[in-house]
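One structure below.
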Amino acid sequence: MSVAANRLWRLMLAPAGLWLVVFFVAPFSIVIAVSLATTDFLGRPVFGWNPENYQQVFDPLFIPVLVRSAAFAVAATALCLLIGYPVAYMIARFGGRFRNFLIVLIILPWFADYLVRIYAWFVILGDQGVVNGLLHAVGFPGDPPVTFINTPFAVIGGLVYDFLPFMILPIYAALERMDPSLTEAGKDLYGTPLQTFLHVTWPATVQGVVAGVVLVGLPALGDFATAQILGGPNTYMIGNLIQDQFGSGYWPFGAALTIVLMAVLSLLMIFYLRSAARPAEASA
Amino acid sequence: MSGQAAVVDQATPEPLAPMSHQKVVVRRAVAARKFDQPRFLYVFTALVFVYLFAPILVVFWFSFNSRKSLQVFGSFSLTWYGKLLEDSNIISSLVASVEIAFVTMVVATVLGTMLAFGLVRARWWANRPTGTLMLLNLVTPEIVTGIAFLLVFSQLGLTLSLGTVIIGHITFSIAYVTIIVRGRLAAINREVEEAAQDLGANDLQAVRLVTLPLLWPAIIASGMLVFVMSFDDFVTSFFTTGIGVQPLPLRIYSMIRFGVTPEINAVGSLMMVITIVIVLAALFVYARQQRARLAFLAE
Amino acid sequence: MASKAWGSEFNRRDFLRGGAALGLGGTALWLAAACGGSPSASQSPSPLVYPKAQIDGDLEYFNWAEYLDPEVIKGFEKHYGVKVHETNFDNMSSMMAKLNAGIAYDLTFPTADYVAELVKANALTPIDHAQLANWSQVPSYFNNPWYDPHGNYSVPYAMWTTGICWRTDKVPDTLAGSWNDLWTLAPKYSGKMFLLDDFQETLGMSLLRNHKDVNSGNRGDLDNAVTELLKIKPDVRQLVSNEIPGLVDGTAWISHAWSGDVYQVISQANDPSVYRYETCSEGVPTGNDTFVIPKNAQHPGTAMKFIDWMLTPENATSNVNYFGYPQVTTAGLAAFQTLVADYPFLNITLDQAINGLRELVPVGARLQLWNNAWTKVKAG
């Protein structure tokens, strides 16, 4: 490549690179700065060296919140996997010429606004919603017949509903790329569909599954709107804790929480990248 | 089980080739079997589709309810849409969201495309770190980046307003554009560009006249995606909004938080329609471009 | 797909490098910020500069939800040809958080105790009563209220009490007129009770129930208050900032509530006769809130005109009939008396509001304690 051409490409790289540094890297520095600050009596940050904020993050009081967030995220991811894999398999193997159409249909609900999707659960399963109306009309006892909103089930259901396309798409992509002759060979080798699945299909698609788990699990951990709107005081998640610090509490503590959350998610990301790198190295 | 093998045999056409290049034909005979994996899968998938669409269809349905209730459907009416039009807060929020999405789309697409070019073509030490930065940005949860923005803007004394929201949106959008465009760019054959250069074009002209047209479908697709994501965005807007007008998702959030009214059904439906129209338009344009390109190459 | 591409050009080393860069950059900037100085403290007193009461742009209006008649707002927009951009907050802490973020609202509605702190911090624009044509409507006490010496920075808005609201058709029990009623009813009506998402109100209420000071700065008192609240939290349906919709549509049958909100529930409900409201013997939190113009408001003139608009007798009356609180003007108070003739349990007098039990905003060390306690309640 000519020097002039290279210079052109470097110039192309610069603006976006600069933007990211200014608006992505730099803000983190301030988050770290605020996480070590304290506040004046109106709640405005006063900078200094106050690592107690980090100590507070690891206060045993918050262990239930952490455990709950992890539990919700794991539950939502597991459900997404259980529901998403068969659907992806069905579309990839048996979709035929409707495959692209079906995939578009899967993604379409995602384009309804995030909040509308959460709100839709109110409409269906709320105390005054469609399902309760039907149950009431049919004569079910209870007022309301089913209490769903403000329970953990509502939050997990909302998370699953929200993130399902993100599980289906990577698995579908992996399945689509799989050579069907592999399945053929598998059937000859292993005989039963279950064995074929375990020994042939699953290993070939595990990359897609891991991608899906990452795409669902990480945002689920940081979610707050679903828990706030669909949940109750007993579904308090890490995202809510952070949100409350900035909504009404103590910014430095919120900043410390954010940094710790970021660190944890980064560790998970590294974990994912290691598993993603291995097959790439293997095939090299 | 041999039965299953037979199913597979019938499902897979004779010359074995990667599935993506084949049409898999499902025979009726398959469905006639008793223990039928496909049938269970069909039903399950159908149920999942119902699960995916039912809530939003219900929202859509009840937006036309003449009555306030979510249990009794009175009669078909546009009352709530009428109320929407009267509510100046919502109209201004809608306009603001469109403005934000538009500006975000334009800027992010430009920056992202340029970044794609840089990442694919430049030989520079800065490539790796910038690529890393971009991916970090992509995987960082919005609540974290949102808070970072809030803190940076407030400590720098910048007034939170439409401008800060736009900055926030552009920042998370760049990565999406870059990934989509880069994939396409890497697949483009450099020989066409080199041919243009042999004919006398300089680097920039070669890009403009040859590469960009080939890249259009990806650029447009990513642009539309960015528009939709910005229009629908909640978390980043939540932390970067100030005075002026709130973007529509925040308005909806307030409505949900502070009092559920049936207007939300109407607003939600309206947002869905707008978004779906844009997505379909993008798909249409993309397909058209693809067809035109294929037709061109076939000649 | 992307994962393979990531594996090849974006590996763990780069990731760690990127993270280290962020960390180093962060430390460097923190050092700069720490040495650079902190936000300015209050300045020395200087002569007050009053904004002129004239329209100078659209109004950035920041208030509780459903706390001001939208018809009155529409009237203002129409009369002066400006737009009112409304943002809502959940509670006083949220309001303060947004103000501290530097968002330039023109008009907001803090409670009296918050005004006291805002005045001390020099965070408000002074208001010249002489320029408010309808200032005469405001009772004379507010020329020098306890929270704002000489009334330089605020105009009173409305008064309230906090108590318990319930519906007799679903909750036939006889209540004892005590905060303990919430504890007796919680297990019986699990999942049908609301508490207020407001740390002053909810922690304060628990302190009062234990016969402690509603503004206690004593760690032991607070810990007890928190423990008691955590006992009923599993039965609490939601911590709400607006209890009205839930009470109207039956999601909740009992709620920790503000007096005027109960009036709104009654006026919206299908069967108003079933709702009751009681104040509690251990202590009735009460007070008034205000109109204020934050210091960095960009349209203080329009804000002044809006305050004046709210003080006119017709608008005050209309507003009172909407939100059920006594607005602190002669016309407003009169309209309120007519309103509560049918619902005497919602009544509150000016004297009560001025001299009754005051919740004071926690500051300094007490703020830390209260924030901690409230976080425990939410996270526990």
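First the proteins, then the strands, lettered A, B, ... as listed; each starts at 1.
- The shortest side-chain heavy-atom distance between B/I167 and A/W19 falls under the 4.5 Å cut-off.
- Heavy-atom minimum distance, B/R121 versus A/N6: O-OD1, 4.3 Å.
- Annotation: maximal heavy-atom pairing with chain B below 4.5 Å, among A/I83, A/V21, A/L218, occurs at A/I83.
- The shortest heavy-atom contact between B/L115 and A/A16 is CB-CB, 3.6 Å.
- Contact count versus chain B (heavy atoms, under 4.5 Å) is highest, among A/I91, A/D113, A/L8, A/V116, for A/D113.
- Under the 4.5 Å side-chain criterion, counting only non-hydrogen atoms from C-beta, A/F23 is not in contact with B/I170.
- Contacts with chain A were tallied for B/V228, B/V59, B/N137, B/T275; B/N137 has the most, counting heavy-atom pairs under 4.5 Å.
- Using a 4.5 Å heavy-atom threshold, the side chains of A/W9 and B/W124 count as separate.
- Of the residues listed (B/L151, B/T140, B/I147, B/V152), the one engaging A/F28 in a side-chain contact (heavy atoms from CB on, under 4.5 Å) is B/T140, and it is the only one.
- In this structure, chain A has a heavy atom under 4.5 Å from the side chain of B/S154, while its backbone stays farther away.
- Residue contact with chain A, scored on non-hydrogen atoms closer than 4.5 Å, involves the backbone and the side chain of B/A126 alike.
- Ring-plane geometry between A/Y161 and B/Y51 is classed as perpendicular, the angle between the planes exceeding 60 degrees on a 0 to 90 degree scale with a lower cut at 30.
- Neither the backbone nor the side chain of A/L257 comes within contact range of chain B; no heavy atom of the residue lies under 4.5 Å from a heavy atom of that chain.
- The shortest side-chain heavy-atom distance between A/L13 and B/N127 falls under the 4.5 Å cut-off.
- The contact between A/I229 and chain B is made entirely by side chain atoms (from C-beta outward), counting heavy-atom distances below 4.5 Å.
- For the set A/A137, A/G84, A/A120, the entry with the most heavy-atom pairs within less than 4.5 Å of chain B is A/A120.
- Across all non-hydrogen atoms, the minimal contact from B/F62 to A/V130 is CE1-CG2, 3.5 Å.
- Most heavy-atom pairs under 4.5 Å with chain A: of the set B/A54, B/P249, B/A108, this distinction falls to B/P249.
- In terms of heavy-atom pairs under 4.5 Å with chain A, the best-connected choice from B/T171, B/T130, B/V110, B/L280 is B/T171.
- When heavy atoms are compared at a cutoff of 4.5 Å, A/I106 approaches chain B by way of both its backbone and its side chain.
- Note: B/F234 and A/Y114 have tilted aromatic rings, judged against thresholds of 30 and 60 degrees for the angle between ring planes.
- Between chain A and the residues B/I252, B/L52, B/I278, the largest count of heavy-atom pairs under 4.5 Å involves B/L52.
- Ranked by heavy-atom pairs shorter than 4.5 Å toward chain B, the options A/L221, A/L108, A/L215, A/L105 are led by A/L105.
- The minimum heavy-atom distance between B/R257 and A/Q228, with the atom names listed, is CZ-NE2, 3.4 Å.
- Taking B/G268, B/A175, B/G112 one by one and counting their heavy-atom pairs under 4.5 Å with chain A, the maximum is reached by B/G268.
- Residues passing the salt bridge (charged side-chain N to carboxylate O under 4.0 Å, His left out) test with A/D223: none are found, sequence neighbours excluded.
- Of the atoms belonging to B/L57, not a single heavy atom falls under 4.5 Å from chain A.
- Between chain A and the residues B/V58, B/I274, B/L47, the largest count of heavy-atom pairs under 4.5 Å involves B/V58.
- Here the side chains of A/L164 and B/V48 are in contact, with some heavy-atom distance below 4.5 Å.
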Before giving the answer on side-chain contact (heavy atoms from CB on, under 4.5 Å), spell out for B/I264 and A/F122 the whole-Å C-alpha distance, their side-chain angles and the decisive distance to 0.1 Å. CA-CA 11 Å; B/I264 303 180; A/F122 253 104; over 6 Å; no
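- Rounding to the nearest 0.5 angstrom, the gap separating the CZ atom in B/F239 from the CD atom in A/Q243 is 6.0 Å.
- When heavy atoms are compared at a cutoff of 4.5 Å, B/I174 approaches chain A solely by way of its side chain, counted from C-beta outward.
- Closest non-hydrogen pair, B/A122 versus A/R10, comes out as CB-N, 4.0 Å.
- The contact between A/L261 and chain B is made entirely by side chain atoms (from C-beta outward), counting heavy-atom distances below 4.5 Å.
- For a residue to count as touching a neighbouring chain, one of its non-hydrogen atoms must lie under 4.5 Å from one of that chain's; by this rule A/P86 touches chain B with backbone and side chain alike.
- Atom OG1 in B/T132 sits 11.0 Å away from atom CG in A/L20 (nearest 0.5 Å).
- Taking 4.5 Å as the limit, some side-chain heavy atom of B/N265 sits within range of a side-chain heavy atom of A/Y119.
- The minimum heavy-atom distance between A/F224 and B/I143, with the atom names listed, is CD2-CD1, 3.7 Å.
- Heavy atoms of A/V22 lying under 4.5 Å from chain B are absent altogether.
- Only the side chain of B/F49 comes within contact range of chain A, with heavy atoms under 4.5 Å apart.
- Looking at B/M229, the atoms closer than 4.5 Å to chain A (heavy atoms on both sides) all sit in the side chain, from C-beta outward.
- Applying the side-chain hydrogen bond (donor to acceptor under 3.5 Å, both in side chains) rule to pairs touching residues 141-153 of chain B yields B/E142-B/T236, sequence neighbours excluded.
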